[in-house]
J.: 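Dumping the structure here so I can ask a few things about it.
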Amino acid sequence: MSLSIPSPANFIEDIIVEDLKSGKRTNVHTRFPPEPNGYLHIGHAKSICLNFGIAHKFADFNGLCNVRMDDTNPAKEDIEYEDSIKADVRWLGFDWEDREYYASDYYQKFYDYAIDLIKMGKAYVCELTAEQMTEYRGTLTEAGRNSPWRDRPIEESLDLFARMTAGEFPEGKMLLRAKIDMSSPNINMRDPAIYRIRKIPHHRIGDKWVVYPMYDYAHPLSDWIEGITHSICTLEFEDHRPLYNWFLETLELPNRPQQIEFARLNLSYTVMSKRLLLQLVEAKFVDGWDDPRLPTISGLRRRGYTPASIREFADRIGVAKADSIVDINLLWFCIRDELNATAPRAMAVLDPLKVKITNWPEGKVEMVQAQINPNDPEAGFREVPFSGELWIERSDFMEDPPKKYFRLAPGQEVRLISGYYVTCTDVIKDDEGNVVEIHCTYDPESKGGTTPDGRRVRGTIHWVSAAHAVDAKVNLYEHLFTRENMTNLPPDTKPMDFINENSLEVSSAKVEPYLQSIDAETRVQFMRHGYFWPDKESSSDALVFNRIVGLKDSWGKKKK
RNA sequence: UGGGGUAUCGUCAAGCGGUAAGACAACGGAUUUUGAUUCCGUCAUUCGUAGGUUCGAAUCCUGCUACCCCAGCCA
C-alpha cells in the first residue's frame, strides 16, 4: 500500500514531493536551528512555521522537526537566549517532543570527523595570522594563494590539532582549515576555517573545549547526525551550499541531507536584523525585547497577537526565493480577522469629553443591556450603567462639522451604543475657547437604541457613565519606523534616522467597569477603536491596556 | 571585472509550452445600534527588456538591464 503524497504548496514542498515520488527519500525530517545569541522575531516565526509545518504536512512520511541550538560560538551565546527561544517556539504552538538538540552535544563527533579529514589530507593546521589569512584569501575577482602550511605533513597537522585542543596555543595562533581550492570563484571554498581556538567557557559545556567548530562545518554534520532530509535555510547561505556538500561528500557520509534556501521575511515599517533590534533595546528606544512595538515574538506576544494569527500570517505570505517586503497590513488583517470573531466588545473612551444630559432624572442610574459580540449573538449580553453624566470621545463632537460628519454637533442627534439617542443643545467652553463639556437632551423613547417612530440616526458613538467609569492607561502603538522599506535606505542615511519618535502614545482613558473583570488572557474590542488586551503590568486597580491593532478606519482615511 | 541568486498587479504570490489563480491593500456600491464586520462589484490583453524557437511562450533558447548575497578565526 502506498501513502498518498500531499500536494505541494511551495517550491520547497515541490522538492520534497519529488524526492518522495522518486524514492530518493522515504521520510521527511526538518529542523529549526537558531543560534542562541538573540531573541526570535517574526522572520524566525516564518521559518519555524515552515519547518514544523512541513513535518506536520508529511506526517505520513514520518514527518518530524527538531529544535537545535546552533551553539558553536561561545563568545556570543547565552542560556537566556536558549530559554526565550524555546518559550517562543512553544508559544507559537509547536512541539519538538524529545528532539531538543545542541550542536555542542556533537562536539566530539565533529572532532573525530575533523581528524578523519586531516588523515585524508583534506584538512590542515594553518598558522597564518588573521591579517595574512585575509591577504591570502584573494578578492572577489582575484584567486587566493595557498597557505605555506597547506602541504605540511599529515602527522604534523594531527599533532598540532591535538595540541590546539589541549590548550597549548593562544587564540588566533592556529586554525584547522579544509583543503579545497584557493582559486575557487566561490570564496567559501578557499580553504575555509573549520576550527578556531576560543578560550571562553561555553554556556552549556563549560571549558571542556578550547577549539570550536565553525558554522559551515558544524551545520551539515549536525544535520547528518540528526537524520535531517531537508535542511532549510535563508538565501545568504546559498553559496555555502557547495561547502555544505563538500564536507558530507568528502567524509563519504551516506543519505545526505539537502540544503534548500528561501527568502527571509521583511516587513514594512520595521527591521528584522538582530543587530538593529539589539541596538534599539540597548539604547532604550524600546522597553526591552518584549516591547510591543518590536517584531520579536515576545514583543508580538506582549502586544496581544495570538499564536494562531502569526501562523495564519506565515501561511499567507508564502515561501519563495525573491527578496520581498511584506505589507504589515497583512499581519494586521490576520489578527483582526481572528479577534473580530472571538473578542468580546466593550466601550472605552480614550480622549474623554464630558456630556451632561439635561433632561435625565437627577441621580438616576439605569443598567442597559449591551451585546457582548454583535457578530456572535450566542455570546449574550453584558450590563452597562447609564446615567446623566457621560464621557464620550472628544473626536465624536465637532462644533462646526464638515458635511457627512455623522457624530455629535450642535443640534445633531446621535445614538449612544445600546443606550439612548441624544441631541446636542449646548456647548460649554473655558476661557480659552476650548470645549470642556456639552449638554444634550435624550429621547426616553429611544432606549436600547431604536425609537417607535423608526427614525434614522446616522451616527452611533460609544460612551461611558462618568460616575461608573474606571480609569485605565492605554498604550497606543504606531510603526517603529517612519519608512516603509527599511531594507534599502537612501544614500547617507541609517536606520535610526527613520525611527518614529511617536511610536508610543499613552492615553488616560475612561473605560466601562466590565473591563475590570476580564482575565489576563482576554482580548477585547474597544468599540470603534480596535483590539486591546491587558498589559503584563495591568492589575484590576491599575488597568493598563495595549492596543493590539486598530479597526479599519475608512472615515479617518477619507479625512486625509 | 569573479561567483551565487532573483525579476508576474501598490504588496505578497500561483503558474512547470495551451492562451495570467488567490490573498492583502485600494476603489465603487448595498446592509449595519461599531464610518468595524458582512455582502456585491472594479482592479495585469500582460508576465524586467530585446530578439529567437513554436500552430501556440510568463513558461524553452540567446543577448541585455535592474536588484540582492559573498572577501569573519560570525551564524
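Below, all heavy atoms of this structure are taken into account, side chains as well, without hydrogens, waters or symmetry copies. Letters go in sequence order (proteins before strands), and every chain restarts at 1.
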J.: Of the candidate nucleotides B/rG2, B/rU6, B/rC68, which contains the atom at the shortest distance from the side chain of A/Leu140?
T.: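 When the side chain of A/Leu140 is considered, B/rG2 is the closest of B/rG2, B/rU6, B/rC68.
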J.: Take atom CD1 of A/Ile200 and atom P of B/rC74, then tell me their distance rounded to the nearest Å.
T.: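 So the two atoms are 10 Å apart, to the nearest Å.
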J.: Is there a stack between A/Tyr215 and B/rA75, judged by ring centres under 5.5 Å and planes under 30°?
T.: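 Aromatic stack with B/rA75 absent for A/Tyr215.
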J.: If you measure from the C1' atom in B/rA7 to the same atom in B/rC64, how many Å do you get, rounded?
T.: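 Straight-line distance between the two C1' atoms is 14 Å.
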J.: What is the separation between atom CZ on A/Arg407 and atom P on B/rG35, rounded to the nearest whole Å?
T.: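 So the CZ-P distance, A/Arg407 to B/rG35, works out to 7 Å.
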J.: Rounded to whole angstrom units, what separation is found between the CZ atom of A/Phe237 and the C1' atom of B/rG72?
T.: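 Roughly 12 Å, once rounded to whole Å.
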J.: Hey, is NZ on A/Lys173 packed in by over 12 heavy atoms from elsewhere, all under 6.0 Å?
T.: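 Counting neighbours around NZ of A/Lys173, 12 or fewer heavy atoms of other residues, nucleotides or ligands fall under 6.0 Å, so no.
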J.: Have a look at A/Ser418 and say if it touches a base, only the backbone sugar-phosphate, or nothing, with a 4.0 Å heavy-atom cut-off.
T.: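 Touches a base.
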J.: Looking for any heavy atom pair under 4.0 Å, which part of the strands does A/Thr450 touch: base, sugar-phosphate only, or nothing?
T.: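 The residue A/Thr450 makes base contact.
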J.: Within the 4.0 Å heavy-atom criterion, would you say A/Tyr531 contacts the bases, only the backbone, or no part of the nucleic acid?
T.: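 No contact at all - A/Tyr531 keeps every heavy atom at 4.0 Å or more from the nucleic acid.
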J.: So which nucleotide from B/rC73, B/rU38, B/rC70 ends up closest to the side chain of A/Asp337?
T.: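 Nearest listed nucleotide: B/rU38.
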J.: Is the ring pair A/Phe110/A/Tyr106 parallel, tilted or perpendicular, if the boundaries are 30 and 60 degrees?
T.: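 It falls in the perpendicular class, over 60°.
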J.: Rounded to whole Å, please give me the gap between CD in A/Gln371 and C1' in B/rA36.
T.: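 Atom-to-atom, A/Gln371 to B/rA36, this comes out as 14 Å.
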J.: Report the residue (A/Asn188 or A/Thr141) whose heavy-atom-nearest nucleotide on RNA chain B is the more 5′ of the two.
T.: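 Looking at RNA chain B, the more 5' nearest nucleotide goes with A/Thr141.
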J.: I need the CG-C1' distance between A/Asp376 and B/rU34, as an integer number of Å.
T.: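 Answer to the nearest Å: 16 Å.
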J.: Once you round it to whole Å, what is the distance between P of B/rC68 and CD of A/Glu261?
T.: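 Taking atom P of B/rC68 as the reference, CD of A/Glu261 is at 19 Å.
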J.: Return the value, rounded to whole Å, for the distance between atom CZ of A/Arg523 and atom P of B/rA36.
T.: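 Roughly 24 Å, once rounded to whole Å.
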J.: With syn defined as a glycosidic torsion within 90 degrees of 0 and anti otherwise, which applies to B/rG17?
T.: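 Anti, which is what one calls it when the glycosidic angle falls more than 90° from 0.
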J.: Taking any heavy-atom pair under 4.0 Å as a contact, classify A/Arg316: base, sugar-phosphate, or nothing.
T.: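 Sugar-phosphate contact only.
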J.: Under 4.0 Å between any heavy atoms, over every strand shown, what does A/Thr460 touch: base, sugar-phosphate, or nothing? Just pick one.
T.: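 Answer is sugar-phosphate: A/Thr460 comes under 4.0 Å of backbone atoms only.
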J.: Report yes if a side-chain nitrogen or oxygen of A/Arg137 is closer than 4.0 Å to either non-bridging phosphate oxygen (OP1 or OP2) of B/rC73; otherwise report no.
T.: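 Indeed, a polar side-chain atom of A/Arg137 lies that close.
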J.: Any pair with a residue in residues 315-335 of chain A that passes ring-ring contact (aromatic ring centres under 6.0 Å, His included), sequence neighbours left out, goes on the list, sorted by first then second residue, please.
T.: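 Pairs touching residues 315-335 of chain A that pass the test: A/Trp332-A/His479.
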J.: Just to be sure I understand the rule, does A/Val319 reach a base, reach only the sugar-phosphate, or reach nothing, if contact means heavy atoms closer than 4.0 Å?
T.: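 Sugar-phosphate contact only.
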J.: Any donor-acceptor pair under 3.5 Å linking the side-chain atoms of A/Arg152 with those of A/Ser157?
T.: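 Looking only at side-chain atoms, A/Arg152 and A/Ser157 do not form any donor-acceptor pair under 3.5 Å.
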J.: Between A/Glu512 and A/Arg382, does any NZ, NE, NH1 or NH2 come within less than 4.0 Å of an OD or OE carboxylate oxygen?
T.: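 The answer is yes: the pair qualifies as a salt bridge.
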J.: Give a yes/no on whether any side-chain N or O of A/Arg345 is located under 4.0 angstrom from OP1 or OP2 of B/rU34.
T.: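 So the side chain of A/Arg345 is outside the cut-off, no N or O lying under 4.0 Å from OP1 or OP2 of B/rU34.
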J.: Begin from the C-alpha positions of A/Asp216 and A/His240 and carry the test side-chain hydrogen bond (donor to acceptor under 3.5 Å, both in side chains) through to its verdict.
T.: CA-CA 7 Å; A/Asp216 283 318; A/His240 292 237; 2.7 Å; yes
J.: B/rC74 phosphate, OP1 or OP2: any side-chain N/O from A/Arg196 under 4.0 angstrom?
T.: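 For B/rC74, OP1 or OP2 has a side-chain N or O of A/Arg196 closer than 4.0 Å.
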J.: Using the P atom as the point on both nucleotides, what is the distance between B/rG56 and B/rA23, in whole Å?
T.: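 About 34 Å, rounded to a whole number of Å.
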J.: Taking OP1 and OP2 of B/rA36, is either one under 4.0 Å from a side-chain nitrogen or oxygen of A/Ser554?
T.: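 Yes.
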J.: Can you find a donor-acceptor N/O pair under 3.5 angstrom joining the side chain of A/Glu142 to the base of B/rU1?
T.: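 Counting by modelled atom types and ignoring angles, no donor-acceptor contact under 3.5 Å is found here.
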J.: Where each residue is assigned the nucleotide of RNA chain B containing its nearest heavy atom, which of A/Asp327 and A/Ala9 is assigned the position nearer the 5′ end?
T.: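 Looking at the nearest nucleotide for each, A/Asp327 comes out on the 5' side.
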J.: Can you check the A/Asn73 CG to B/rG72 C1' distance for me, whole Å?
T.: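 Going from A/Asn73 (CG) to B/rG72 (C1'), I get 10 Å.
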J.: Does the pair A/Asp181/A/Arg190 count as a salt bridge with the N-to-O cut at 4.0 Å?
T.: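 So A/Asp181 does not pair with A/Arg190 through a salt bridge.
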J.: Ignoring backbone atoms, test whether A/Asn329 places a side-chain nitrogen or oxygen under 4.0 Å from the OP1 or OP2 oxygen of B/rU11.
T.: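 Checking A/Asn329 against B/rU11: no side-chain N or O falls below 4.0 Å of OP1 or OP2.
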J.: Scan nucleotides 26-31 of chain B against the protein and return all N/O pairs shorter than 3.5 Å with their distances rounded to 0.1 Å.
T.:
{"from": "B/rA26", "atom 1": "OP1", "to": "A/Lys557", "atom 2": "NZ", "distance (Å)": "2.2"}

